[in-house]
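Data block below; observations after.
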Amino acid sequence: MINFDEEIPIYLQIMDFIKKEVVKGKLKGGDKLPSVRELAEMLKVNPNTVQKAYQELEREGITYTLRGIGSFVTQDRKKIEELKKKMAEDILERFCKDMRDLGFSDEDIIALLQGYLKEVK
C-alpha cells in the first residue's frame, strides 16, 4: 500500500497518500476513511501515528470527523481543487529547483518538458 521512506515522518506519508487518493478521485467527498485501528493494522504502524495523520488532515480541512462514527473526506469540491493545485505546485517547484541545480535554464527546462510530453503521448 505505502512504501515508507525512512527520511520522512510516517504520519506525513500517510497524509500524502490519503491526499493523493482524494485528488485522484479514488476517495470521493463523503467517503468514510478506515478507522484508526484498521488503517494502523493495514499499514503495520502505531495507531497513534494514524491518529496524528487524521488529526492533521482534519485541521487542513481535507477530512471531517463525526464523533462515534468516523472520519470522512470533505465534500467541499473547492477545497479538493485547491489541494490538487497545491500538490501540483509543490511537484513543479521541486522539479524546477532540481533542474536549475543541474544547470538548466528556464528555456531549457521548458524545451525538455515539451519534448518529453510529445514522446509520451
I'd like to know whether D98 forms a salt bridge (Lys or Arg N to Asp or Glu O under 4.0 Å) with R94, so could you lay out the CA-CA distance, the side-chain angles of the two residues, the decisive distance to 0.1 Å, and finally the verdict. CA-CA 6 Å; D98 288 347; R94 285 191 307 273; over 6 Å; no

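With sequence neighbours left out, the side chain to side chain donor-acceptor pair (under 3.5 Å) criterion links D106 to R100. Remark: D76 pairs with no residue by the side chain to side chain donor-acceptor pair (under 3.5 Å) rule, at least two apart or across chains. Judged as a side chain to side chain donor-acceptor pair (under 3.5 Å), and not counting sequence neighbours, K118 has no contacts. With sequence neighbours excluded, the residues forming a side chain to side chain donor-acceptor pair (under 3.5 Å) with Q75 are Y64, listed by chain and number.
In this structure, the side chain of K85 does not engage the main chain of E82 through any donor-acceptor pair within 3.5 Å.
A heavy-atom distance below 4.5 Å is found between the side chains of L27 and L33. You'll find the side chain of L112 reaches within 4.5 Å of the side chain of M99, heavy atoms only. At a threshold of 4.5 Å between non-hydrogen side-chain atoms, the residues Q51 and Q55 count as touching. L92 places none of its side-chain heavy atoms less than 4.5 Å from the side chain of E89. No side-chain heavy atom of I62 sits under 4.5 Å from any side-chain heavy atom of V73. Here the side chains of V45 and I14 are in contact, with some heavy-atom distance below 4.5 Å. At least one side-chain heavy atom of D16 sits under 4.5 Å from a side-chain heavy atom of M87. Between D5 and Q13 there is a side-chain heavy-atom pair separated by less than 4.5 Å.
For the atom pair L102 CG and K97 NZ, the distance stands at 10.0 Å (nearest 0.5 Å). Atoms SG and CG, on C96 and D101 in that order, are 11.0 Å from each other to the nearest 0.5 Å. Note: M15 CE to T63 OG1 = 8.5 Å, rounded to the nearest 0.5 Å. The CD1 atom of I2 sits 9.5 Å away from atom CE of M42, with the distance rounded to the nearest 0.5 Å.
The cluster map of Ile, Leu, Val, Met, Phe, Trp and Tyr, joined by side-chain heavy atoms under 4.5 Å apart, puts L117 and I91 in different clusters. Linking ILVMFWY residues whenever their side-chain heavy atoms come closer than 4.5 Å, directly or via other members, leaves I80 and F72 in distinct clusters. Linking Ile, Leu, Val, Met, Phe, Trp and Tyr residues whenever their side-chain heavy atoms come within less than 4.5 Å places L12 and V23 in a single cluster.
Of all heavy-atom pairs between F104 and I109, the closest is CB-CG1, 3.8 Å. Here the shortest heavy-atom pairing between A40 and N46 reads CB-C, 4.1 Å.
Side-chain contact of S105 with D108: a donor-acceptor pair under 3.5 Å is present, judged by distance alone.
Screening T74, I18, V22 for a side-chain contact (heavy atoms from CB on, under 4.5 Å) with L57, the sole residue that qualifies is I18.
Under a cut-off of 6.0 angstrom, the local environment of NZ in K24 is crowded, with over 12 non-hydrogen atoms contributed by other residues, nucleotides or ligands. Residue K20 places its NZ atom among 12 or fewer non-hydrogen atoms of other residues, nucleotides or ligands, all under 6.0 Å distant.
For residues 50-69, every residue pair satisfying the salt bridge (charged side-chain N to carboxylate O under 4.0 Å, His left out) rule, not counting sequence neighbours, is listed here: K19-E60, E56-R59. Identified under the ring pair (Phe, Tyr, Trp, His ring centres under 6.0 Å) test for residues 11-63, with sequence neighbours left out: none.
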